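We use all heavy atoms of the structure for the numbers below, so side chains are in, but hydrogens, waters and symmetry mates are not. What you are looking at is a predicted structure, and each value in this text was computed from that prediction instead of being measured.
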Amino acid sequence: MKYKFMRYLMVVIGLAGLSSCEEEKYAVPVLKQELQNDVIKRTLGPNVAGLNIEFAYAMAIPASLGKLVSAEVEASIAGAEATYLENKSYYTNGSGNDIGIEIGKKSENNGTKTTVTFTRDTTAATLRYYYNIPSTAKGKEVTFKFSAKASNGQSVSYSMGPYKIAQMDMVLDLDVKDSTNAYISIEDMAVYSAANAPANAAKIDLVYLYRSIPNITFAHALVAPTAKTYLPGVTLPAGVNRSAKVQKVWNLRDFHLARLQYGIFIDDLDFQELNMASAPDYAINLKAEAGVWVETQDGKYRAYVYVNSVNNGSKSAKISIKRYTMK
């Protein structure tokens, strides 16, 4: 099928590379009589394992020359299983909504390559590619080669990258609850109950608690096990005795952790340059959208713990973590 928006896309591609000045007489651009392609990267911020790097891949050929046959993306490092190339071509309607039209079979992954085969007569399309970052790519660079083929035998390609993959790890939406699910391990990026904390005592860095104390602002807190003064009424499980440096932060709403409108990103460099020398071992009166920087007792890990939400009634909170291995 041939769509009006596809013809428009072809004209836009034909405009690429043209230049003019006020002195030049305007001339209607001439559409190139060949298969063409272009790529844009849609995602911003650091590339973290488990997340997607998203691209929009546009390709077009004049109707008189043929139609699109296939589109393919080859990554220098094979993506995780969730990697895929959309089999829908998207355009934006008058209301600003993205509308997808199916143009082919669902994509297939074969090693480092992801391919879509067209099943509808199409002369122009914009397909979205989602590279799900594998843990094996951490600390490395990845490049991409986008390519398309037409029925007349023509082929084109477009290279993107390299893109550095962050060394950090991330976990989202961990539930913590006073007394029952309160023991946080930065190494494991996990929360343990009082019952299973002893088996993991050597890796527990923080205790979550909620206290409502008259004339004292305490509320939700993240406290190192060694800061006994700030653990009122807490009996620590056997072996839970590590210290940690804890630095409270306001308004650092990392986009990956918060998933809000703020365009703030914590990257590897932030952990590397962080000065925790004078940080205490506790943070009290934490609120939703606040956070804490943490350095473990052995200095092996630094982390940013973001508070997604709090609930005074149930004495609980939801947290998300970015963690960087220092050594």
_Just to verify, which of Leu286, Ile319, Val249 counts as forming a side-chain contact (heavy atoms from CB on, under 4.5 Å) with Val292?_
Leu286
Considering non-hydrogen atoms only, spot the tightest contact between [X] and [Y] and give its length.
| X | Y | answer |
| --- | --- | --- |
| Gly139 | Gln167 | CA-OE1, 3.4 Å |
| Val116 | Ile103 | CG1-CD1, 4.0 Å |
| Ile266 | Phe271 | CG2-CE1, 3.6 Å |

So, [X] versus [Y]: side-chain donor-acceptor pair below 3.5 Å or not?
| X | Y | answer |
| --- | --- | --- |
| His220 | Lys287 | no |
| Gln297 | Ser243 | yes |
| Gln272 | Tyr324 | yes |
| Thr296 | Asp298 | yes |
| Asp98 | Thr92 | yes |
| Asn132 | Thr83 | no |

*Apply ring-ring contact (aromatic ring centres under 6.0 Å, His included) to Tyr57 and list each qualifying residue two or more places apart in sequence or on a separate chain.*
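ring-ring contact (aromatic ring centres under 6.0 Å, His included) check on Tyr57 returns Phe146.
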_For Tyr304, all residues meeting ring-ring contact (aromatic ring centres under 6.0 Å, His included), sequence neighbours excluded_ = Trp293
_Residues clustering with Tyr84 (ILVMFWY side chains joined when closer than 4.5 Å, directly or via others)_ = Tyr130
For atom [atom1] of [X], decide whether the heavy atoms of other residues, nucleotides or ligands shown that lie under 6.0 angstrom number more than 12.
| X | atom1 | result |
| --- | --- | --- |
| Lys41 | NZ | yes |
| Glu108 | CD | no |
| Lys88 | NZ | no |

*Are Lys203 and Tyr183 in a cation-pi setup, meaning NZ or CZ lies under 6.0 angstrom from the ring centre and within 45 degrees of the ring axis?*
no
*asked:* Under the criterion side chain to side chain donor-acceptor pair (under 3.5 Å), I'd like the reasoning laid out for Ser316 against Asn311: C-alpha separation, chi angles, the key distance, then a yes or no.
replied: CA-CA 5 Å; Ser316 63; Asn311 189 316; 4.9 Å; no
_Test salt bridge (charged side-chain N to carboxylate O under 4.0 Å, His left out) applied to Asp169 and Lys138, Lys322, Arg302, the passing residue_ = Lys138
*To the nearest 0.5 Å, what is the distance between NZ (Lys149) and CE (Met59)?*
13.5 Å
